[in-house]
Number of protein chains: 2
Amino acid sequence: MQVTCYNKKSVPKHNNSVRRSPCPLNASVEMLGDRWSLLIIRDMMLRGFRTYKQFMECYEGIATNILADRLQKLASYGIIAAVPDPSDGRKLIYRLTKKGIDLAPVLTEMVLWAAAHEHTGNQELVKLMRADKEKFLAGVRQRWASHDSQRS
Amino acid sequence: MQVTCYNKKSVPKHNNSVRRSPCPLNASVEMLGDRWSLLIIRDMMLRGFRTYKQFMECYEGIATNILADRLQKLASYGIIAAVPDPSDGRKLIYRLTKKGIDLAPVLTEMVLWAAAHEHTGNQELVKLMRADKEKFLAGVRQRWASHDSQRS
DNA sequence: TATATTACTTGTAAAATGCAAGTAACTTGT
DNA sequence: ACAAGTTACTTGCATTTTACAAGTAATATA
């Protein structure tokens with residue numbers, strides 16, 4: 001029997017443009033399917049984190065080299081963008097782009113799924129999401145629009 | 001400055017019960033945050049794949065040891081379940097559990113996000129999802145209920 | 001001007017992944 | 001009944017990724 005594969009030993013290491021398959025789910029998985037990317041996006045979207053130092057303080061304890069790598073990859077995908085802090089030349093301010101903010105429904109469904117099937121914390125957030133998903137998403141989008149609406 | 005972490009070098013290798021943090025998103029990421037788990041679930045949910053051999057034929061070309069590992073992990077999480085095929089003793093039939101089918105909204109949002117922001121294929125599926133998300137989800141649930149409704 | 005802070009990089013060990021080659025249990029064809 | 005094929009894996013090994021600790025350049029603060 002014949003097995004059709006899209007990846008025939010042809011994918012260079014950091015080449016974002018060559019995918020294993022054209023499936024949209026695979027595209028998402030290739031960009032977000034690891035143990036840290038979505039947590040970084042969570043901290044930006046829900047906790048308002050903006051700097052490298054803040055991301056290092058996440059509950060889960062990310063390693064510094066992994067954080068640097070993920071920030072660079074997320075930026076290369078256009079999910080986040082970095083600008084220098086005008087008031088402190090050492091700092092970079094990381095923001096979610098429109099593409100990044102559009103991940104809010106994905107995060108929401110993942111939170112609701114885990115909360116429904118596992119013992120998890122942060123029940124206030126879960127209740128808020130469950131009570132009115134659309135209202136919650138509107139709130140996220142509005143907070144982003146009000147102080148992050150520069151570009152992209 | 002003080003950094004609070006939940007994981008202090010204490011997580012044994014395959015221990016599903018110890019999480020890096022109580023955050024529900026982290027729970028989802030620990031179960032699904034890799035490059036293959038969601039693709040296997042996609043093939044079960046959307047393409048009706050049921051056997052090891054079928055999963056091996058996925059577009060993206062999964063390695064056999066990785067497939068075996070992911071099937072075992074997904075089963076240990078209660079996302080899928082395996083039963084022997086009554087008509088062929090060599091085969092195992094893998095099914096999504098209720099918990100697995102409840103991932104449909106997560107998959108849907110990931111597909112819609114990628115389709116909105118990347119060049120991807122399978123536009124028929126995307127159009128169907130976009131046209132009426134709830135109707136699409138109802139269809140998935142019903143197909144599952146009609147021939148997979150055993151347990152869990 | 002000395003010290004601290006920020007956002008990293010580097011080195012190295014451990015773990016996960018990818019690939020090829022088995023293998024045991026079972027089914028099929030003759 | 002027996003050889004050959006299928007199915008669902010396991011094993012070994014090379015490569016890649018991750019984790020942890022330590023270091024560093026640029027900038028800010030006292």
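Each chain gets a letter, A, B and so on, in the order the sequences are listed, and its residues count up from 1.
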Who are the salt bridge (charged side-chain N to carboxylate O under 4.0 Å, His left out) partners of [X], not counting sequence neighbours?
X	answer
A:Arg141	none
B:Asp85	none
A:Arg47	A:Asp43

Atom [atom1] of [X] and atom [atom2] of [N]: how far apart are they, to the nearest Å?
X	N	atom1	atom2	value
B:Glu30	C:dA16	CD	C1'	15 Å
B:Leu67	C:dA16	CG	P	17 Å
A:Glu60	D:dC20	CD	P	13 Å
B:Ile40	C:dT17	CD1	C1'	13 Å
A:Asp85	D:dT29	CG	C1'	15 Å
B:Ile62	C:dA20	CD1	P	15 Å
A:Asp34	C:dT17	CG	P	11 Å
B:Met56	C:dA21	CE	P	14 Å

Between side-chain atoms of residues 131-139 of chain A and protein atoms elsewhere (two or more places apart, or another chain), which donor-acceptor pairs fall under 3.5 Å?
residue: A:Asp132; atom: OD1; partner: A:Glu134; partner atom: N; Å: 3.3
residue: A:Asp132; atom: OD1; partner: A:Lys135; partner atom: N; Å: 3.1
residue: A:Lys133; atom: NZ; partner: A:Glu109; partner atom: OE2; Å: 2.7

Legend entry - Closest-nucleotide 5' rank along DNA chain D - winner of A:Ala63 and A:Ser87: A:Ala63
Inset, instruction - Between A:Pro86 and A:Arg35, name the one whose nearest nucleotide on DNA chain D is closer to the 5' end. - result: A:Arg35
Inset, instruction - Using only side-chain N and O atoms of A:Trp36, determine if any of them is under 4.0 Å from OP1 or OP2 of D:dT18. - result: no
Inset, instruction - Ignoring backbone atoms, test whether A:Arg70 places a side-chain nitrogen or oxygen under 4.0 Å from the OP1 or OP2 oxygen of D:dT18. - result: yes
Legend entry - Salt bridge flag under 4.0 Å for residues A:Glu30 and A:Lys73: no
Legend entry - Lys/Arg N to Asp/Glu carboxylate O, B:Glu60 vs A:Arg19, below 4.0 Å: no
Looking only at atom types and distance, does a side-chain atom of [X] sit under 3.5 Å from a main-chain N or O of [Y], one as donor and one as acceptor?
X	Y	result
A:Asn65	A:Ala68	no
A:Thr51	A:Ile93	no
A:Trp144	A:Met45	no

Can you pull every protein N or O that's under 3.5 Å from an N or O on nucleotides 6-14 of chain D?
residue: D:dT6; atom: O4'; partner: B:Arg90; partner atom: NH1; Å: 3.0
residue: D:dT6; atom: O2; partner: B:Arg90; partner atom: NH1; Å: 3.0
residue: D:dA8; atom: OP1; partner: B:Leu92; partner atom: N; Å: 3.4
residue: D:dA8; atom: OP2; partner: B:Lys53; partner atom: N; Å: 2.8
residue: D:dC9; atom: OP2; partner: B:Tyr94; partner atom: OH; Å: 2.2

Legend entry - Bend angle of the helix from C:dT1-D:dA30 to C:dT30-D:dA1, end axes from five pairs each (to 10°): 20°
